[in-house]
There are 4 protein chains.
Amino acid sequence: MSSSSNLKAVPAAAETAPPRRERRKEARPGELLDAALDLFVEKGFAATRSEEVAARAGVSKGTLFLYFPSKEELFKAVVRENISGRFAEWNEEFEAFEGSTPDMVRYCMRVWWERLGATRASGITKLMISEARNFPDLAAFYQQEVIQPAHELMRRILQRGVARGEFRPLDIDYAVFSISAPMIFLIMMKHSLGACVPRDYAVDPERYIASQVEILLNGMCK
Amino acid sequence: MSSSSNLKAVPAAAETAPPRRERRKEARPGELLDAALDLFVEKGFAATRSEEVAARAGVSKGTLFLYFPSKEELFKAVVRENISGRFAEWNEEFEAFEGSTPDMVRYCMRVWWERLGATRASGITKLMISEARNFPDLAAFYQQEVIQPAHELMRRILQRGVARGEFRPLDIDYAVFSISAPMIFLIMMKHSLGACVPRDYAVDPERYIASQVEILLNGMCK
Amino acid sequence: MSSSSNLKAVPAAAETAPPRRERRKEARPGELLDAALDLFVEKGFAATRSEEVAARAGVSKGTLFLYFPSKEELFKAVVRENISGRFAEWNEEFEAFEGSTPDMVRYCMRVWWERLGATRASGITKLMISEARNFPDLAAFYQQEVIQPAHELMRRILQRGVARGEFRPLDIDYAVFSISAPMIFLIMMKHSLGACVPRDYAVDPERYIASQVEILLNGMCK
Amino acid sequence: MSSSSNLKAVPAAAETAPPRRERRKEARPGELLDAALDLFVEKGFAATRSEEVAARAGVSKGTLFLYFPSKEELFKAVVRENISGRFAEWNEEFEAFEGSTPDMVRYCMRVWWERLGATRASGITKLMISEARNFPDLAAFYQQEVIQPAHELMRRILQRGVARGEFRPLDIDYAVFSISAPMIFLIMMKHSLGACVPRDYAVDPERYIASQVEILLNGMCK
DNA sequence: TATGAATGAGGCTTCATTCAT
DNA sequence: AATGAATGAAGCCTCATTCAT
């Protein structure tokens with residue numbers, strides 16, 4: 001989680017006593033967003049104190065407000081920062097995919113995990129789900145910027161499968177959820193209940209994904 | 001379930017409720033838990049003000065603290081109260097089930113929706129997921145009282161299917177999640193992002209469940 | 001100044017040790033407005049801390065916000081509270097006045113001093129003048145509710161004098177200011193520079209008013 | 001007067017100002033005092049942010065504190081700087097005055113308006129009146145450097161009128177206020193309530209002064 | 001000198017909790 | 001048991017001031 005904020009403290013070599021007042025205008029916003037993401041995911045929006053965020057980013061309370069006018073705007077920035085438009089790239093990637101559609105689904109789930117699910121970014125999904133009711137405009141933003149593009153991508157995959165005769169005719173709108181539900185589930189295991197539970201019950205994400213995908217493909221294939 | 005949601009479950013018959021004023025005193029804690037559940041689910045723990053809970057329950061702020069020593073204890077009581085041990089009953093019900101295992105899975109999903117998913121009780125799952133990190137002891141309690149029994153119930157169903165040769169050999173531990181993930185997903189649609197989104201995107205639970213179950217069964221059957 | 005807030009501490013008799021938590025919903029707002037008036041006049045709006053107001057009213061910080069939603073609203077309430085509609089009464093009083101118009105002017109200045117100038121209420125004029133630019137809406141309110149009625153009252157007096165041939169023809173709109181300027185001046189002596197200056201320079205209001213009135217009447221009479 | 005307001009007073013003639021960039025360094029404090037005067041007058045001491053002052057003077061926040069060790073010292077410098085000792089000059093001017101004393105009073109009011117009332121310098125009177133209680137030492141300074149000399153000047157004028165038999169015997173100490181009250185009044189119209197009020201109610205200073213002076217002279221003359 | 005990023009004390013406001021009635 | 005006025009700790013945010021560059 002917060003290991004990244006530690007990394008910055010390790011300069012290339014010299015390791016001089018860190019100057020009391022660093023001047024790092026460029027890096028600050030990113031560091032603050034990093035710290036905020038960690039804390040918001042871990043404790044929720046309300047239970048995270050601005051001062052904590054600042055402290056974890058290695059600055060003082062006031063500095064936070066130099067970059068973000070309010071805790072709420074910080075929250076919004078965290079969400080925006082971590083979603084960005086990676087869908088364009090992914091859409092292209094899947095457009096160019098040449099294998100079978102089942103392989104495509106397998107690949108989709110795998111890279112989702114590698115690129116998002118396993119990263120801190122997955123935390124913001126948990127965050128959004130926890131706070132959606134308190135930030136309806138952010139929820140709308142997330143729906144529009146994340147959920148919809150993701151659904152369209154998945155829908156195209158499923159349609160390809162049906163079109164190519166690999167999949168049975170499907171209720172595609174809802175079959176999409178067959179792919180997203182395990183993702184949500186995994187995120188929740190990682191960031192919520194799963195994080196509060198003894199190791200023994202911990203889910204192994206790769207195994208989980210493999211298991212789900214096979215059942216899914218079996219279920220969708222002819 | 002809170003007392004009121006039990007009341008709702010009462011068949012349409014006579015059952016004259018005792019005159020409103022009379023049962024107030026004994027009903028108070030239940031009314032408070034009811035109100036608290038609604039608000040906690042809707043706004044989260046931190047964003048819910050004690051006074052609001054009291055107001056919704058029709059009592060004064062002070063009265064709330066007569067029954068629950070703190071907001072945190074109220075929260076815990078809400079969760080505990082709503083995690084009834086109905087698994088004994090359900091276990092028996094499924095023990096006695098006579099149809100095919102695929103039918104059993106269909107039935108399982110359907111009654112889950114009817115008895116839990118569609119009721120306010122589903123709110124505590126959302127609540128637990130949102131607040132687990134802030135209430136680790138509750139999370140453990142929930143894990144033990146709800147998640148584990150539920151998983152065992154589902155596991156027995158799947159094992160029955162495998163044993164009877166209806167299902168392929170499965171990675172049962174993880175196949176269980178194939179059943180629970182859609183439930184979690186549906187709950188989140190209902191209480192979180194789905195609640196902040198235009199009607200058009202609203203998910204029709206019955207259709208969603210039907211779609212998932214068929215894919216699932218297809219995937220698990222021989 | 002704040003003597004009035006002391007008065008409340010003297011109950012009819014018993015003089016028991018003041019209970020830690022008084023319950024005085026009725027009296028609170030007035031006490032808070034009293035305290036706030038004193039402090040705002042003395043130190044200005046910004047330099048007055050909410051906690052000070054509360055302390056002077058004998059309550060805790062939080063209690064202030066039970067009655068006024070913000071410091072700014074408190075300020076507005078102070079202004080409104082101290083202006084009220086006393087003009088109706090005064091208008092009647094002057095309508096019924098039977099003596100000469102010069103006597104009327106003398107009487108006007110005298111009762112202004114007795115009823116307003118000499119009281120704490122005069123402080124709000126100083127307050128308004130100091131803060132007008134920061135509270136344009138309040139300034140408009142004050143203009144409308146205080147300045148205009150006052151000017152109309154004075155205008156009627158002057159017109160009476162002209163109509164009855166007691167006064168020369170006057171530029172009445174501006175002659176009104178001949179009456180109000182000394183009032184403003186006196187208020188400023190009392191609440192501003194005059195309050196920061198050695199006793200010797202202190203202005204004796206009665207003597208000041210007498211002096212101004214005589215010059216004024218001399219100047220306006222035929 | 002601050003340096004810039006002196007510059008403005010320069011006759012229309014040649015007087016090529018040194019190239020902007022060159023004179024910056026020496027002009028800095030004056031530019032800051034200028035900016036500060038405007039803002040303090042407009043918003044009051046507390047509501048004026050140091051950064052705003054710096055920005056209006058075209059320098060950075062840090063630079064302000066290079067010239068003035070604190071906001072409070074800046075305030076004091078603004079006041080001191082704008083309380084120039086021009087009384088020597090004026091005293092001479094009035095010593096040499098040859099016309100009638102009523103003309104002298106007319107002249108006095110007129111040049112006061114032209115040289116002070118109409119300029120930004122009038123702002124410091126508003127400032128002093130608003131902030132006197134928070135800056136008692138400045139108030140004393142102002143009393144000594146401005147109010148007293150001004151009163152003595154006016155007193156001499158009035159005494160001349162009485163001595164020459166132009167005025168009735170007057171309560172001279174207080175008659176002085178008959179001249180200063182309209183000035184104060186006009187300043188307050190300009191910088192306070194009058195600035196927050198629709199155009200229609202705006203006072204025309206020349207007309208106001210003319211009106212007051214005539215009533216006054218009428219009142220004081222034999 | 002000048003800059004502007006950084007600081008942190010201090011003020012406003014909220015709200016869980018208490019307690020006299 | 002119930003009320004709701006009162007409390008005060010705690011959090012957000014501002015802004016005068018500092019200081020490395």
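Within every chain, numbering begins at 1; the chains are lettered A, B, ... in the order of the sequence lines, protein sequences first and strands thereafter.
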Read 5' to 3' with Watson-Crick or G-U pairs under 3.5 Å, [ ] for crossing pairs and | for partners on another strand, DNA chain F gives .||||||||||||||||||||
For atom CD of C:Glu51 and atom C1' of F:dA6, their distance in whole Å: 14 Å
Please report, rounded to the nearest Å, how far the P atom of E:dA16 is from the CD atom of B:Glu73. 15 Å
Considering only side-chain heavy atoms of A:Phe65, which listed nucleotide, F:dA6, F:dC13, E:dA16, is closest? F:dC13
Return the value, rounded to whole Å, for the distance between atom CZ of C:Arg28 and atom C1' of F:dG4. 13 Å
In the structure I gave you, are the side-chain heavy atoms of A:Leu138 and A:Glu131 within less than 4.5 Å of one another anywhere? no
Does D:Ser50 place a side-chain N or O at less than 4.0 Å from the phosphate oxygens OP1/OP2 of F:dA16? yes
Whole-Å distance, D:Leu64 CG to F:dC19 P, equals 17 Å
Are there more than 12 heavy atoms of other residues, nucleotides or ligands under 6.0 Å from atom CD of B:Glu73? yes
Beyond-backbone contact of D:Met128 with D:Val79, side-chain heavy atoms, under 4.5 angstrom: yes
Between C:Val59 and A:Glu72, which is nearer to the 5' end of DNA chain F once each is assigned its nearest nucleotide? C:Val59
May I ask you to list the residues of residues 40-48 of chain B, by number, that have any heavy atom positioned under 4.0 Å from an atom of DNA chain F? none
In whole Å, what is the span from the CG atom of A:Leu39 to the P atom of F:dG11? 14 Å
Measure CG/D:Leu66 against P/F:dA16 and give the value in whole Å, please. 17 Å
What contact category does C:Tyr67 fall into here, base, sugar-phosphate, or nothing, at under 4.0 angstrom with non-hydrogen atoms? sugar-phosphate
Residues at least two apart in sequence or cross-chain that pass ring-ring contact (aromatic ring centres under 6.0 Å, His included) with A:Phe135, listed by chain then number, are A:Phe45, A:Phe75
Side-chain heavy atoms of B:Leu127 within contact of B:His191, under 4.5 Å: no
Distance-only donor-acceptor test, A:Lys61 side-chain atoms vs E:dG10 base atoms, 3.5 Å: yes
So, do D:Pro29 and D:Leu32 sit near enough that their side-chain heavy atoms are less than 4.5 Å apart? no
Nearest heavy-atom approach of C:Lys71 to C:Ser50 is CD-OG, 4.2 Å
From the set F:dA6, F:dA16, E:dT17, return the single nucleotide nearest to any side-chain atom of D:Lys71. F:dA16
So what does D:Thr63 hit on the nucleic acid, given a heavy-atom distance under 4.0 Å: a base, only sugar-phosphate, or nothing? base
Mind checking whether A:Lys76 and A:Asp137 have side chains closer than 4.5 Å, heavy atoms only? yes
Send over the distance from A:Glu52 CD to E:dG8 P, rounded to a whole Å. 18 Å
Side chain of B:Arg49: nearest nucleotide among E:dA16, F:dA5, F:dT3? E:dA16
Are C:Leu74 and C:Leu33 close enough that some pair of their side-chain heavy atoms sits under 4.5 Å apart? yes
C:Phe141 backbone acceptor or donor facing C:Arg80 side chain under 3.5 Å: no
Distance, rounded to the nearest Å, where C:Phe68 contributes CZ and E:dC12 contributes P: 15 Å
Would you tell me if any nitrogen or oxygen in the side chain of A:Ser60 comes within less than 4.0 Å of OP1 or OP2 on E:dA6? no
